[in-house]
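A short worksheet on the structure shown next.
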Amino acid sequence: MPEPTAKQQLLGLLAQLSFRLGEFKLSSGASSDYYIDCRMTTLHAEGARLTGRVVLDAIREHQLQTDAIGGMTMGADPIVTAVSVLSSQEFKMRASSRKGKHVTKPIYLNAHPINGFLVRKAEKTHGTGRRIEGFAEKDAKVVIVDDVCTTGSSTIQAIEAAREAGMEIVGVICLVEREEATGRPAVERAAAPAPFISIFKASDVRTEYLKQQR
């Protein structure tokens, strides 16, 4: 039996650590019979590794030429860090291969460092007064990330903040998309012409959770 892919392993952890059935009130004010707290997975040691791998793979699969990755704090924080760290590690592996050391993974051939940035919910009222922390270069190509997309409000705020800072959005990625909400069309309109990519649907995580309960 083949070893599960990083994406399959991440789905398993999301179902195990992040998914709960019950009666919940969402930040949008709506009620739901399930709740997904992705941070229980993205802040887990193995979950962080898998998140970085899967999101970086998605960036490459969709050929998103990006200088940086960022999103609204706090959902995006662990995703941004995981991807940035992994991209740097792979870049160093590629550099080593150029010096004559043997590297077998072809993925390293396209490796380059992807910097990170975080968007505050509001500008600081002290210090530099910045809303964006970390990488913030004008005209840079960036990917916006979020952990869960429900209405898409936090994702859209991050898109708008990055554009206000002069950065170009080349893609938007969310870890889990709640299909029953109106988030997708709202995010797609805000991100256009950049694509909106969801790694998993909430139904994927629910199905895996129920499978684990058998």
Quick one: closest heavy-atom pair of E179 and A202, and the distance?
OE1-N, 3.3 Å

Atom of S154, atom of D146 and distance for their closest heavy-atom approach:
OG-OD2, 2.6 Å

Could you please spell out the steps behind the side chain to side chain contact (heavy atoms under 4.5 Å, CB included) verdict for Q157 and V119?
CA-CA 8 Å; Q157 288 181 58; V119 180; 6.0 Å; no

Nearest 0.5 Å please: distance from the CZ atom of R184 over to the CZ atom of R178.
15.0 Å

Checking the side chain of D67 only, and the main-chain atoms of V142 only, is there a donor and an acceptor separated by less than 3.5 Å?
no

Would you compute the distance between atom CD1 of I144 and atom CZ of F196 and round it to the nearest 0.5 angstrom?
12.0 Å

Contact summary for F91 and H112, nearest pair of heavy atoms
CD1-CA, 3.7 Å

Evaluation steps, side chain to side chain contact (heavy atoms under 4.5 Å, CB included), between I169 and R163
CA-CA 7 Å; I169 311 298; R163 282 185 172 146; 3.7 Å; yes

With rounding to the nearest 0.5 angstrom, report the OG1 to CG distance, T42 to L14.
8.5 Å

Decide whether L11 and L210 are clustered together by the hydrophobic rule: side chain heavy atoms of Ile, Leu, Val, Met, Phe, Trp, Tyr closer than 4.5 Å, transitively.
yes

Is a side-chain donor or acceptor of T73 paired with a backbone partner of R120 at a separation under 3.5 angstrom?
no

With the 4.5 Å side-chain cut-off for hydrophobic clustering, are F117 and V85 part of the same group?
no

Can you tell me how far the CD1 atom of I159 sits from the CD atom of E164, to the nearest 0.5 Å?
12.0 Å

If you apply the rule side chain to side chain donor-acceptor pair (under 3.5 Å), what do you find for T41 with S18, and how did you get there?
CA-CA 6 Å; T41 297; S18 297; 2.6 Å; yes

Rounded to the nearest 0.5 Å, what's the gap from CG on L17 to CZ on R20? Could you check?
7.5 Å

ILVMFWY network linking V176 to M40, side-chain heavy atoms under 4.5 angstrom:
yes

Is the number of heavy atoms from other residues, nucleotides or ligands under 6.0 Å of Q63 CD greater than 12?
no

Can you check whether Q8's main-chain N or O pairs, donor with acceptor, with T5's side chain at less than 3.5 Å?
yes

Is any side-chain heavy atom of C149 closer than 4.5 Å to one of V187?
yes

Would I199 and I59 show up in the same hydrophobic cluster when neighbours are defined by side-chain heavy atoms closer than 4.5 Å?
yes

Note: C38 and L175 closest approach over all heavy atoms is SG-CD2, 4.2 Å

Matching residue for V83 among V143, V54, I173, L56 - test: side chain to side chain contact (heavy atoms under 4.5 Å, CB included)
L56

Under 4.0 Å between a side-chain nitrogen and a carboxylate oxygen: does that hold for E46 and R49?
yes

Under a 4.5 Å cut-off applied to non-hydrogen side-chain atoms, are R206 and I36 in contact?
no

Spell out, yes or no, whether V205 and Y35 are grouped together once hydrophobic residues are joined by side-chain heavy atoms under 4.5 Å, including indirect joins.
no

State which residue, out of F200, F24, Y34, fulfils the ring pair (Phe, Tyr, Trp, His ring centres under 6.0 Å) condition with F19.
Y34

Rounded distance (nearest 0.5 Å) linking atom OG of S84 with atom CD1 of I79:
11.5 Å

Donor-acceptor contact present, side-chain E23 to main-chain S31, <3.5 Å:
no

Does a side-chain heavy-atom distance below 4.5 Å link M167 with I132?
yes

Which heavy atom of G70 sits nearest a heavy atom of V80, and at what distance?
CA-CG2, 3.6 Å

If you look at every heavy atom in A76 and L118, which pair is closest and at what distance?
C-CD2, 4.5 Å

